[in-house]
Amino acid sequence: MKEKDLRRSLSVLPIGTVMKLTSLTARQIRYYEEQGLVFPERNDGNRRMYSLNDIDVILEIKDYLDEGLNISKIQDIYKKRKETNEQNGTSKELSDQEARKILSDELLNIGGLNSKDAENNSF
DNA sequence: GTTCTCACA
DNA sequence: TGTGAGAA
């Protein structure tokens, strides 16, 4: 389903929508971008346009924050996740399950949570 | 009305 | 991280 993946990567959401969807302030959302956690496009004017993909990432960031991680650690996690993605030469795209596996693994490493806890979403 | 940047507490 | 100022 690449079509779906493309669609979810289309940045069409203004920060206001993201705020509602993530329950975060514009300040935080912009800050996370500054920290290289999300990469919104800058289409019209100078406005950030977020994709559904970004929403997902931000939601995950929020989750990590809830686990008591700081931005620096989250940056590290995402960096590692990206590396793992590229490292998988067999398939260009990693399945959602794989990505979540990696994330959960990271959570286990620092939070010491149960795998079952790490797998479910907060939403 | 909404978002942007910069700066200060 | 919140908030306010000034501009687009």
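What's counted below: heavy atoms across the whole structure, side chains too, no hydrogens, waters or symmetry copies. Every chain is numbered from 1, with letters handed out A, B, ... down the list of sequences.
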Looking at A/Tyr50, I'd like to know whether one of its side-chain N or O atoms comes within less than 4.0 Å of OP1 or OP2 on B/dT3. no

What pairs meet the salt bridge (Lys or Arg N to Asp or Glu O under 4.0 Å) rule with one or both residues in residues 17-32 of chain A, with sequence neighbours excluded? none

Can you tell me how far apart CG (A/Leu37) and CD1 (A/Ile29) are? Round to the nearest 0.5 Å. 12.5 Å

Find the distance A/Glu34:CD to B/dC4:C1' and express it as a whole number of Å. 13 Å

Which residues pass the side chain to side chain contact (heavy atoms under 4.5 Å, CB included) test with A/Pro14, not counting sequence neighbours? A/Thr17

Generate the contact string for nucleotides 2-8 of chain C. Rules: B means base contact, S means sugar-phosphate contact only, - means no protein heavy atom under 4.0 Å. BB----B

Send over the distance from A/Glu33 CD to C/dT1 P, rounded to a whole Å. 15 Å

So, using side chain to side chain contact (heavy atoms under 4.5 Å, CB included) as the criterion, who are the partners of A/Asn46 when residues are at least two apart? A/Arg42

Name all residues meeting the side chain to side chain donor-acceptor pair (under 3.5 Å) criterion together with A/Thr25; count only those two or more places apart in sequence or in a different chain, and write none if there are none. A/Gln28

So do the side chains of A/Leu24 and A/Lys62 get within less than 4.5 Å of each other, counting heavy atoms only? yes

Mind checking A/Arg30 for me? I need base, sugar-phosphate or nothing, with any heavy atom below 4.0 Å counting as a touch. base

So, does A/Asp54 use its side chain to make a donor-acceptor pair with the main chain of A/Ser51 at under 3.5 Å? yes

When you measure from every atom of DNA chain B, which of residues 12-20 of chain A have a heavy atom less than 4.0 Å away? A/Pro14, A/Ile15, A/Gly16

Could you give the CG-to-C1' distance, from A/Asn43 to B/dC4, as a whole number of Å? 15 Å

I'd like to check the side chain to side chain contact (heavy atoms under 4.5 Å, CB included) partners of A/Glu41; sequence neighbours left out, ordered by chain and number. A/Ser11, A/Asn43

